[in-house]
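This structure is a prediction, so every number in the text was calculated from the model and none was measured. We name chains A, B, ... by the order of the sequence lines, and we start the count at 1 in each one.
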Amino acid sequence: MKFYNSYSKKLEEFTVENNTVRMYNCGPTVYDYAHLGNFRSFLFADLLRRYLEFKGYEVKQVMNFTDVGHMTQDDLEPSREGSNQDKMALAAQRTGITDPRELADKYIDCFMEDSKTLNVLEPWQRPRASDHVQEMVEIIEKLIANGNAYEVDGFVYFDQSSFPEYGKLSGNTVEDLVEGKRVEVDARKKNATDFALWKCDDKHIMKWPSPWSTGFPGWHIECSAMAMKYLGETLDIHTGGEDNIFPHHEAEIAQSECATHKTFARYWLHARHLLVDGGKMSKSKGNFFTVRELLDKGYSGSEIRYALISTHYRQNMNFTTGVTDGDYSQLQKIEALEEAKTNIRRIKDFLAAMEQIEKDDNTNIDDLATKTLGNFAAAMDDDLNISGGLSALYQFIREVNKLRDQEQLGREDAARAIETIKKLDGVLGVLCDEEQQVPEEILQLVKERDEARLNKNFPRADEIRDTLTEMGYVLEDSPKGTICKKI
RNA sequence: GGUGGCAUAGCCAAGUGGCCUAAGGCAGUGGAUUGCAAAUCCACCAUCCCCGGUUCAAAUCCGGGUGCCACCUCCA
């Protein structure tokens, strides 16, 4: 099994000492609803975990919640510019919830709900940054003791010049960053690329005591603290979105490795962004979707999941919407999700058809099933090549359907086919939506139509079918009876 | 300005020197099947952004363009 390690920028064979994989996933900031782009990264982590388990590994998976800050320029009101307001504080203003803990609770609940909708398996641990300030303080103390950090006026900074490896992950060199126009100058820092480990601010909405001042931790230390607390000083895998590479993960490596003098993470895996019409999702563009919005548009959790995992994680994924005037408010259909809907229905139809098989003579599809699982694994072993994996799935379905059409499929074959699909879905996780019950009145109409067909009253039968189509139900006539499904 | 990456059919997308006369899916077209449909099966549907180069051989390697994305702003 090979993964592309962002640190070495190479495809590397994946190895672990025992059978346990210690994996840390950079989780969501919980000051707002997570959007689809965020979930692409979390679904990638989930897919990775599921595939590692498919391969027989035990996965100790940790995904954090960030609830101690995170400010961006976009969120600053013009009048507030430079006031150092952070996102939790702004969200508090927006929602009217003034207790930051309560605010984080609200969005954590939403995140958990959305994760469940998307059939994300529960990680082993979901630590919260605000519960681990003590651990962060301890690392900062160690860094100061080791000579990698220094205190100025209650602020503590990481001394970048003490860590020559700085920049190795992102490829940024210190000189180039200094030349960059966007690096802010902070007079307290020794080097422009030093980053804050602790910030002094006794008026802040979330503040803690520390040996240096009352304030709050810097923006990278939380992940080091939580990762090491639960997984030890060296992680096997660390994941995140591509935007985390710099400065977040670069800083994590620096502070963690200076604190422990050990490799922090052996494999760094980064998911690329989901784009909408070729551009980044952003609130200001309006091309920003949440899971619940898509549910309102009639898509299911599985469909959203399928769409988001079906493109290789290291490839920018694009949702083409056809919107040209920038007005996304009326958008009802997204092609990638329509495709996901069709594909999931196809897989489910296949399973349903397999359950109908009653023939006793079997062809024996063991070889086909084995080949399919082998092809799937071979593709996924190659840096989680999901496209190849899905290709194996669809080729299997077509081959088995062909045997069914030729009346060569027996009951045991069908059971084997179902078992194979279920195995694959253990990794994909797209077949979990609850089947909707067809209401009695609809079933009554179906029955009426069947009677009409029996009497060769086809105009009446077609009339009923048209009515049902309008009501959102599709019919499939088969020798075994009529199947009615909600679209 | 620096850094990392991408460019394959209407759309999503695999393949990274010769089984590529380019996987798979969606959409579309034709056919089988069906009372008609649906589902299913079969067939069709691309010379791989442009220009040079290396090679017996390039979507695949190298050079130069062009376009796009990301990071350098605590946005996955």
Between [atom2] on [N] and [atom1] on [X], what's the gap in Å once rounded to a whole number?
| X | N | atom1 | atom2 | value |
| --- | --- | --- | --- | --- |
| Tyr166(A) | U3(B) | OH | C1' | 12 Å |
| Ile386(A) | G24(B) | CD1 | C1' | 12 Å |
| Asn244(A) | U73(B) | CG | P | 15 Å |
| Ile245(A) | U73(B) | CD1 | P | 15 Å |
| Lys168(A) | G4(B) | NZ | P | 14 Å |

Interatomic distance at [atom1], [N] relative to [M], whole Å:
| N | M | atom1 | result |
| --- | --- | --- | --- |
| A46(B) | A27(B) | C1' | 16 Å |
| U34(B) | G28(B) | P | 23 Å |
| A32(B) | C19(B) | P | 36 Å |
| C20(B) | C45(B) | P | 15 Å |
| C12(B) | U3(B) | C1' | 29 Å |
| A14(B) | U8(B) | C1' | 10 Å |

Stepwise salt bridge (Lys or Arg N to Asp or Glu O under 4.0 Å) test for Arg314(A) and Asp383(A): CA-CA 9 Å; Arg314(A) 218 150 45 72; Asp383(A) 198 28; 2.8 Å; yes
Using purine N1 to pyrimidine N3 plus N6-O4 or O6-N4 for Watson-Crick, or N1-O2 and O6-N3 for G-U wobble, both under 3.5 Å, which nucleotide pairs with [N]?
| N | result |
| --- | --- |
| A13(B) | none |
| U66(B) | A7(B) |
| G30(B) | C42(B) |
| C61(B) | G53(B) |
| G35(B) | none |

For Asp382(A), enumerate each residue passing the side chain to side chain donor-acceptor pair (under 3.5 Å) test, keeping only those at least two apart in sequence or located in another chain. none
Using the side-chain heavy atoms of Ser391(A), tell me which of these nucleotides is nearest: A27(B), G5(B), A23(B). A23(B)
Closer to the 5' end of RNA chain B via nearest nucleotide, is it Glu242(A) or Glu338(A)? Glu338(A)
Kindly give the atom pairs (protein nitrogen or oxygen, nucleotide nitrogen or oxygen) under 3.5 Å for nucleotides 65-68 of chain B.
none

Mark up nucleotides 6-14 of chain B, 5' to 3', with B wherever a protein heavy atom is under 4.0 angstrom from a base atom, S wherever such an atom reaches only the sugar-phosphate, and - elsewhere. ----BSSSS
For nucleotides 32-43 of chain B, give me one character per nucleotide, 5' to 3': B if any protein heavy atom sits under 4.0 Å from the base, S if the only such contacts are to the sugar-phosphate, - if neither. ---BBBBSBSS-
Please set out all donor-acceptor pairs under 3.5 angstrom arising from side-chain atoms of residues 32-42 of chain A, sequence neighbours excluded.
residue: Asp32(A); atom: OD2; partner: Lys283(A); partner atom: NZ; Å: 2.2
residue: His35(A); atom: ND1; partner: Gly37(A); partner atom: N; Å: 2.9
residue: His35(A); atom: ND1; partner: Asn38(A); partner atom: N; Å: 3.3
residue: His35(A); atom: NE2; partner: Asn38(A); partner atom: OD1; Å: 3.4
residue: Asn38(A); atom: OD1; partner: His35(A); partner atom: N; Å: 2.7
residue: Arg40(A); atom: NH1; partner: Arg272(A); partner atom: O; Å: 2.9
residue: Arg40(A); atom: NH1; partner: His273(A); partner atom: O; Å: 3.4
residue: Arg40(A); atom: NH1; partner: Gln315(A); partner atom: O; Å: 2.9
residue: Arg40(A); atom: NH2; partner: Thr311(A); partner atom: O; Å: 3.4
residue: Arg40(A); atom: NH2; partner: His312(A); partner atom: O; Å: 2.8
residue: Arg40(A); atom: NH2; partner: Gln315(A); partner atom: O; Å: 3.0

In chain order, what residues pass the salt bridge (Lys or Arg N to Asp or Glu O under 4.0 Å) check against Glu335(A), with sequence neighbours excluded? none
